[in-house]
Amino acid sequence: MRLNPFAFPSDTTFRFLLLIAATVGVSLLAFDWLYGQFADLRAEFQALLACTQNFQPPPGQVPTGAQLAGFQACQAAVNGPRREAVLLGVVVLLVGGVVAYALAVVKLRRRYRPFTREVAPELWRSFEGLAGETGVSPPPRLRWQPLDRRAIGLAFGPPGGRELAFTGGLVPLSIRDRPAFRAIVLHELAHLRNRDVDLSYYAIGIWRALLVVAIAPFLVALGRILPSDPGTVASFAWRLVGLLPLVYLIRSGILRAREHDADVRASTHEPAIRRVLAAAGEQTGDRAPATWRRLIAWHPTATARVAVLDDPTPLLRLGLLDAFGVGIVGSLAYEEVATLVGYFGIESFAIRGLSGLAFGPLVGLIVALGTWRQTFAFMATGRAPVRIVPIGLALVAGLLVGQRLSLATAISDDAVLLRPDVAPFHLGLTLLVAVGSILFIAWLVATSRLWLAVATRLRSPGWASAPVAIGAAALLTIAIVVFEIVVASREAVEIVVTTPSDLYPAIAQVVPAVGPEWLFRIVMSPEVGLIIQEPLVIAFFVILVLVPWAAALFSARLPARPVAVWGSLDADVEPPSIERPELRPRRAIGTGLVAGMGIAVGSVILHAGLHSGFDAATRSRDEFLFAFAFWLISLTLTGQLLAGAVAAVDAPRFRTLHGALAGLVAGLAGTLVVAVSRATSGCVAALLVVEGRPCGKPPTGDYIAGYLAPVLTLGIIGAALAAALVAAIGWLAMRRRVAAPETPTTLP
């Protein structure tokens, strides 16, 4: 059985998006630098200094909103010419790619003369019939080069003007070896059917435009300052040495991927294409080239093309180099876009957010759909599962290298993590990013497995992949924004995190048994609250739980092994079946509700114990109220951890997801308990904690939001970790049972 790669978005499309992002990312600072070579930088600096002086508040005062707005507007006005010049350069670059594409078409039209019906009516009808067989409508116009004895074809032309050119050697082949003729023509028509002609020709064009429009002038500008500032030139030069080959490799990857796609598409109509490719390899002495030659080649070898025809599964795989390249392009383009957005006079945190929105979705979509395709291949064949840890580490390595290679870091590298003088703060962030990336890939694999079963109900898996792709894009975008904000405010965060808080000692003097300080700092510290109370962070964890579990609504009535009718490339072969995921959402929800009941009982006991254990004067102090809030939140978090562990014990598969769902339900139930207790504690004297609290007054929205934030973030993390720990213990126990030798039984 050959898996159908055309049921999924192709590598060609997403490699093309990567190429555009990488090209724009490399060119942005080149244009910025070129502007600086011709602009009056002294006048620009004086104008920016005047903006600072005109809107600076008096000493000891915080700037007002009007002052900040005035400063940002002044800054945007000063940077207006630079911003417009850089954007104009990008437009010229993109248009330059179109011009290069048009010139290539003109050159091909001069090389091949028109082939009309009157020249050879039978041959003309053969081409038209093959176009109808592959679904190419309208048929392309034909051109030929009768003096060329080779038997080759070439599809080209812009939308609305598609053309198919062929050489004179193909004419006798149409009579002598009809299957070989069909294979060659169908391959070229497959390019039109796959809609990759524009992508491939524009990829070549924009690479040439990048060299002419951006890199060549940039190198000339660097050469001008080489005698006076060789250090700056060296800093830019080694980055260009790393970036330009990356763009070239992505472009070459597009051209190789389109050839594989066209081969596989043509093979569904003419099996002789395998023989044609094998014969071409023998004629050219096809040998396995070195790795670096394979990476830069425009065409794959004939051996590789035949292997993909026999088994298209490699077209569905997400390789380590793919993940590494995605990470490089994402962080590289992010840094350059952040520099450009800063010229609009926007507040610094908003700059990070807008830049994250520019490239977070791109990276998330590519990684998500790559994981989606390979997960399907594994579920259909049982071979080559997604290597979660290597893929996650490759993505992290790409992100770090891309940040280091960014041309913006040649000017200031304060936010770069990959550095020789690494600090503990940088090491901690790097470790956090690495763990987060691995967990992100694991989440993608689990979510893909759940939604692929739903996709068996559809003609195409496209709609079922949408929640996975959109969810991954949202998660990665939020993570990038939060991460960049933390890095940008590194000095302030380091001071807050490393400085002991005065809040805990003050509370401990009033309430000695408040609890361990480490737990108090996690739950109540301002630095943690600053992050977990952000709506984007809360949305992150809600998406993390609800996207995979939404599949349970559609997969409950599926058979044990539903059939993916779209999964087979050949119509005469039985489509692959996909195992239905074993989900128990009702039990996970029930576990969370039981945990909520436990939180309610614990809340009653807590209220009664505090009422009897502390006098009214102590219970009215602010220190006690902080301790009381800490105990309430800790009670719910404990319930969430227990719910996650219990749900994982009961779940046959996907234990971490079951634990996270149970933790979410337990947290929402705990929040309801807190709201009810806040409104009714004044109604029962024995449960009254705060003196003078009225009976029946509901809590404010700010009070509930402050309580809900740690529940929907820390609580879900704790529940998922508890479930993961239970899953790990179960896995180790199973391994020991498998490894233990069986005790022989002696019969009487």
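Across all their heavy atoms, Ala552 and Pro585 have their closest contact at CB-CG, 4.3 Å. Residues Ala377 and Leu316 come closest through the heavy atom pair CB-CD1, 4.1 Å. Leu714 and Ile522 make their closest contact through CD1-O, 3.6 Å (heavy atoms, listed as atom of the first residue, atom of the second, distance). Arg2 approaches Pro312 most closely through the heavy-atom pair CB-CD, 3.8 Å. Taking all atoms of both residues into account, the shortest heavy-atom contact from Ala469 to Ala368 is CA-CB, 4.0 Å. Heavy-atom minimum distance, Pro5 versus Val264: CG-CG1, 4.2 Å.
With a 6.0 Å radius and a threshold of 12 heavy atoms from other residues, nucleotides or ligands, Arg584 has its CZ atom above the threshold. Environment of CZ in Arg195: sparse, with no more than 12 heavy atoms of neighbouring residues, nucleotides or ligands closer than 6.0 Å.
Looking only at side-chain heavy atoms (C-beta outward), Leu246 and Ile250 come within less than 4.5 Å of each other. Counting heavy atoms from C-beta outward, Arg258 and Leu199 have side chains that stay 4.5 Å or more apart. At a threshold of 4.5 Å between non-hydrogen side-chain atoms, the residues Leu399 and Ile328 do not count as touching. Counting heavy atoms from C-beta on, the side chains of Asn194 and Arg265 come closer than 4.5 Å.
Here the straight-line distance linking atom CD1 of Ile388 with atom OG of Ser437 works out to 13.0 Å at 0.5 Å rounding. Between atom CD1 of residue Ile254 and atom OG of residue Ser200 there is a gap of 8.5 Å, rounded to the nearest 0.5 Å. From Leu664, atom CG reaches atom CD1 of Ile716 across 4.5 Å, with rounding to the nearest 0.5 Å.
In this structure, Tyr101 has its ring center under 6.0 Å from that of Tyr201. A centroid separation of less than 6.0 Å is found between the aromatic rings of Phe8 and Trp566.
Each of Leu444, Val547, Leu544 was scored for a side chain to side chain contact (heavy atoms under 4.5 Å, CB included) with Leu475, with one residue passing: Leu544. Under the side chain to side chain contact (heavy atoms under 4.5 Å, CB included) rule, Trp451 has a single partner from Pro461, Ser555, Pro467, which is Pro467. Tested against Leu362, the residues Ile20, Thr477, Leu17, Val326 include a single side chain to side chain contact (heavy atoms under 4.5 Å, CB included) partner, Leu17.
Cation-pi geometry between Arg383 and Phe378 is not satisfied (NZ or CZ under 6.0 Å from the ring centre, within 45° of the ring normal).
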